[in-house]
Amino acid sequence: MERLNEIVLENEVTAASFTAFGAVERAVVGFFVGNGQYSTISCDGPLEVLSCTGNVSLKEGKPSIHAHIALADKDGRAYGGHVMAGCIVSATFEVTVLVYEGIELDSKFDVGTGLFLLDT
Amino acid sequence: MERLNEIVLENEVTAASFTAFGAVERAVVGFFVGNGQYSTISCDGPLEVLSCTGNVSLKEGKPSIHAHIALADKDGRAYGGHVMAGCIVSATFEVTVLVYEGIELDSKFDVGTGLFLLDT
Amino acid sequence: MERLNEIVLENEVTAASFTAFGAVERAVVGFFVGNGQYSTISCDGPLEVLSCTGNVSLKEGKPSIHAHIALADKDGRAYGGHVMAGCIVSATFEVTVLVYEGIELDSKFDVGTGLFLLDT
């Protein structure tokens with residue numbers, strides 16, 4: 001996600017969506033508990049990444065990534081949540097990004113949830 | 001899904017695919033049991049939506065949505081199935097729709113399964 | 001996957017990504033254990049396919065598919081992993097493939113993991 005963040009910053013992306021899959025050494029996922037807060041769930045790996053679905057929008061003028069992830073452990077059991085900082089990719093993480101040139105997707109602060117949400 | 005249904009009806013979409021993620025207050029998912037029937041699983045939320053993957057095709061001439069969803073509870077455990085009526089979005093539900101203009105994707109009744117399936 | 005493999009071979013696809021969902025009679029998924037090896041998990045169905053996320057790259061000059069899958073059983077519990085040979089589709093499996101014409105995505109052998117990985 002940090003590398004993807006660098007790429008969208010370098011390329012001044014204003015709107016994008018992406019899907020990804022791969023494997024991680026460790027995943028940190030969040031569960032939204034209201035008021036802009038997430039409870040944090042650390043998943044020690046290795047884990048397969050079944051899917052990672054996200055988008056890029058402008059948050060206070062800067063490209064910002066929002067993504068959710070589904071993971072599976074060595075027994076195939078699946079877990080997941082909101083992607084938080086602290087995930088560590090292992091063998092591979094393969095991302096397809098669709099960039100929407102000429103479109104500006106904005107995230108604005110939403111008082112009800114305490115989150116920056118897509119301004120639609 | 002109802003809102004997405006309105007959008008595809010208003011825009012006379014004849015073929016599309018989409019991915020989405022977000023959060024729900026409640027999810028109702030189905031598990032196909034044959035003869036056009038689904039058993040219904042109600043998942044009380046709040047739940048994170050890890051992924052929602054679907055498409056839009058023409059069913060008896062009208063745009064129709066088919067989607068499957070993966071969810072996670074507060075402990076990160078994942079669930080999912082065929083999206084049924086009764087799902088309630090909470091904080092956000094962010095959808096990327098790829099519309100295939102000039103293409104008509106038809107769903108036709110399939111006697112073997114009792115379902116409307118893509119006519120390929 | 002075999003049918004998709006035929007399609008990408010016939011069409012000489014050199015780069016693509018895809019998402020899919022549907023249902024399977026049986027799924028065989030892998031969990032990467034290092035040195036190019038996967039442990040194999042057989043999931044007897046029927047199972048709903050919540051998502052299948054993958055790509056097509058050239059491996060030693062021939063189109064090769066890599067995909068991960070998320071599944072749910074009759075109680076809605078989710079499982080998943082790396083898609084292995086032996087999966088059997090049941091009612092439907094609906095795939096959206098984005099083909100990147102004029103782009104060659106190569107997979108090269110990576111000594112560290114023992115896998116063919118995207119050459120980026």
Side-chain angles (χ1 to χ4, degrees), chain B residues 15-21 27-43 47 49-57 66-73 76-84 96-100 103 105 107-108 110 112-120, chain C residues 1-8 10-11 16-27 29 31 41 43-55 67-83 87-101:
Chain B
S17 62
F18 62 90
T19 56
F21 65 103
V28 184
V29 301
F31 179 83
F32 183 58
V33 291
N35 293 319
Q37 301 292 312
Y38 288 88
S39 65
T40 301
I41 305 162
S42 279
C43 305
L47 296 159
V49 176
L50 306 183
S51 71
C52 181
T53 308
N55 57 37
V56 180
S57 63
H66 179 204
H68 284 195
I69 196 166
L71 306 149
D73 67 13
R77 272 188 294 254
Y79 302 89
H82 174 92
V83 177
M84 309 281 281
T96 300
V97 185
L98 298 179
V99 176
Y100 307 109
I103 292 176
L105 192 61
S107 282
K108 291 218 169 122
D110 172 68
T113 59
L115 296 173
F116 279 81
L117 298 178
L118 293 186
D119 182 37
T120 53
Chain C
M1 286 298 139
E2 280 170 32
R3 180 70 192 110
L4 188 55
N5 207 35
E6 284 172 22
I7 293 169
V8 298
E10 281 165 20
N11 291 278
S17 62
F18 62 89
T19 56
F21 65 103
V24 289
E25 270 306 305
R26 193 180 67 181
V29 302
F31 179 84
I41 305 162
C43 305
D44 282 324
L47 296 159
E48 298 286 328
V49 176
L50 307 183
S51 70
C52 181
T53 307
N55 57 36
H68 284 195
I69 196 165
L71 306 149
D73 67 15
K74 66 180 170 49
D75 301 312
R77 272 188 297 256
Y79 302 88
H82 174 91
V83 177
C87 298
I88 302 168
V89 168
S90 52
T92 184
F93 193 72
E94 304 180 2
V95 188
T96 300
V97 185
L98 298 179
V99 177
Y100 307 109
E101 290 181 2

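Every chain is numbered from 1, with letters handed out A, B, ... down the list of sequences. These values consider heavy atoms only, across backbone and side chains, with no hydrogens, waters or symmetry-generated copies.
- Atom CZ of Phe18(C) sits about 13.5 Å away from atom OG of Ser17(B), to the nearest 0.5 Å.
- Residue Ile41(B) touches chain C through its side chain alone, counting heavy-atom pairs closer than 4.5 Å.
- Counting heavy atoms from C-beta on, the side chains of Glu48(C) and Tyr38(B) come closer than 4.5 Å.
- Annotation for Asn35(B): atom CG does not count as buried by contact number, only 12 or fewer foreign heavy atoms lying within 6.0 Å.
- Residue contact with chain C, scored on non-hydrogen atoms closer than 4.5 Å, involves the backbone and the side chain of Thr53(B) alike.
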Show me, pair by pair, the donor-acceptor contacts under 3.5 angstrom made by side chains of residues 88-98 of chain C, not counting sequence neighbours?
unit_1, atom_1, unit_2, atom_2, d
Ser90(C), OG, Ala23(C), O, 3.3
Ser90(C), OG, Val24(C), N, 3.4
Thr92(C), OG1, Glu94(C), OE2, 2.9
Glu94(C), OE1, Asn55(B), ND2, 2.7
Glu94(C), OE1, His66(B), ND1, 3.3

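- Considering only heavy-atom pairs separated by less than 4.5 Å from chain C, the leading option among Gly54(B), Ser39(B), Ser51(B), Gly112(B) is Gly54(B).
- Closest heavy-atom contact between Gly80(B) and Leu50(C): C-CD2, 3.5 Å.
- Within a 6.0 Å radius of CD in Glu101(C), no more than 12 heavy atoms belonging to other residues, nucleotides or ligands are found.
- With a threshold of 4.5 angstrom between heavy atoms, Ala67(B) approaches chain C through N, CA, C or O but not through any side-chain atom.
- Atom CG of Leu47(C) sits about 6.0 Å away from atom CZ of Phe31(B), to the nearest 0.5 Å.
- Counting only distance, with no hydrogens or angles, the side chain of His68(B) and the backbone of Val49(C) share a donor-acceptor pair below 3.5 Å.
- Around the CD atom of Glu2(C), the shell of radius 6.0 Å holds no more than 12 heavy atoms that belong to other residues, nucleotides or ligands.
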